[in-house]
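See below for the structure under consideration.
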Amino acid sequence: MSDATLLVLNPNTSQAMTEAVVSAARALLPPGLRAIGWTASAGPPVIKDRPSYDAAAAAMPALLAEAPRADAILLACFGDPGLAVLRERAGVPVTGLAEAAILAARQRGERFAILTAGAAWVPILTDCVAAGGASHLLAGVFALDGDGAALRADPERFRAQVRALSARARAAGARRLVPGGAAFEGLRFDWAEGLAVDRPVEAAVTLLAHALPKPPA
């Protein structure tokens with residue numbers, strides 16, 4: 001029996017972001033499960049605002065049609081553009097980075113904050129948290145002054161901001177911090193003291209691993 005496959009589906013055209021999420025997923029999957037990636041062939045190199053978010057959502061049927069078949073799908077954009085359409089059409093278990101992280105936050109029941117790349121994401125992610133039923137736990141969405149592409153290109157530029165914004169999140173009452181974006185995967189930062197950092201890929205892989213077919217004993 002072949003391994004069950006988790007497809008990491010990236011709705012932007014950044015191969016580096018796809019590879020970062022795939023690498024993180026592979027490190028978390030149990031034996032008998034494998035992760036592969038698929039990157040959009042057209043569209044924005046980074047989803048950074050409402051227009052690019054809406055464009056990615058509209059392109060989801062075409063992206064799914066060109067992607068390889070899999071046993072489960074992880075939508076690798078925090079904010080989950082097109083998740084409802086993907087779930088409706090995929091015919092396999094599906095989650096998104098934001099959905100999984102918000103569900104995990106609800107299950108923990110602790111105050112949390114989201115760190116994102118770019119101010120345009122703040123209202124989008126605030127809406128995601130509300131849709132996930134976790135607004136009462138949200139201490140805030142805090143934004144770096146650059147988008148995900150800038151973060152990947154020069155992480156050193158953002159180190160002081162990450163430290164300062166995570167400290168603001170802690171001061172706002174957060175006990176946990178979610179780095180909200182595929183661009184954060186594989187990067188290491190000096191977070192404020194007193195915060196647990198919850199990686200969305202870990203939440204998503206945990207969720208989907210339970211839904212994937214189990215290998216024979």
Side-chain angles (χ1 to χ4, degrees), residues 8-28 35 37-40 43-53 56 74-81 96-98 100-102 104-105 111-126 128-129 138-205:
V8 172
L9 189 63
N10 183 3
N12 71 42
T13 61
S14 170
Q15 184 65 29
M17 289 192 196
T18 306
E19 291 172 357
V21 177
V22 169
S23 178
R26 285 175 176 161
L28 294 163
W38 189 264
T39 307
V46 63
I47 298 168
K48 61 182 181 179
D49 52 23
R50 179 61 74 176
S52 56
Y53 180 94
L74 167 55
L75 179 56
C77 174
F78 196 92
D80 306 340
L97 291 176
I102 293 165
R111 295 271 285 169
F112 74 101
I114 297 171
L115 181 63
T116 189
W121 273 109
V122 173
I124 298 172
L125 296 180
T126 301
C128 283
V129 174
L138 183 67
V141 180
F142 299 86
L144 302 173
D145 71 0
D147 62 24
L151 177 61
R152 294 298 302 184
D154 187 9
E156 291 298 323
R157 171 190 156 195
F158 295 96
R159 291 198 180 280
Q161 281 190 58
V162 167
R163 177 73 181 186
L165 289 174
S166 60
R168 281 181 55 193
R170 183 69 181 87
R175 296 296 180 266
R176 313 187 76 91
L177 183 70
V178 177
F184 286 98
E185 285 306 318
L187 304 181
R188 296 293 178 263
F189 291 105
D190 182 21
W191 312 98
E193 294 180 7
L195 278 176
V197 178
D198 298 318
R199 295 281 180 176
V201 173
E202 183 173 0
V205 167

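- R26 meets the salt bridge (charged side-chain N to carboxylate O under 4.0 Å, His left out) test with no other residue; sequence neighbours excluded.
- Atom CD of E185 is separated from atom CG of L97 by 7.5 Å, given to the nearest 0.5 angstrom.
- Taking all atoms of both residues into account, the shortest heavy-atom contact from A40 to T13 is O-CG2, 3.4 Å.
- For R168, the CZ atom counts as loosely surrounded, since its 6.0 Å shell holds 12 or fewer non-hydrogen atoms of other residues, nucleotides or ligands.
- Take W191 and apply the ring pair (Phe, Tyr, Trp, His ring centres under 6.0 Å) test, not counting sequence neighbours, and it matches F189.
- One N or O on the side chain of R111 and one on the backbone of L138 form a donor-acceptor pair closer than 3.5 Å.
- At least one donor-acceptor pair under 3.5 Å links the side chain of D80 to the backbone N or O of A98.
- More than 12 heavy atoms of other residues, nucleotides or ligands shown are found within 6.0 angstrom of CD on Q161.
- Here the side chain of T126 pairs a donor or acceptor atom with the backbone of V122 at under 3.5 angstrom.
- Using modelled atom types, one side-chain atom of R170 and one backbone atom of G194 make a donor-acceptor pair closer than 3.5 Å.
- Between G173 and A139, the shortest heavy-atom distance links the atoms C-CB, 4.3 Å.
- Formation of a donor-acceptor pair under 3.5 Å by the S166 side chain with backbone atoms of A192 is found in this model.
- We find that R175 and D198 are not joined by a salt bridge, their nearest charged nitrogen and carboxylate oxygen being 4.0 Å or further apart.
- Looking only at distances, a side-chain donor or acceptor of W121 sits under 3.5 Å from a matching main-chain atom of I47.
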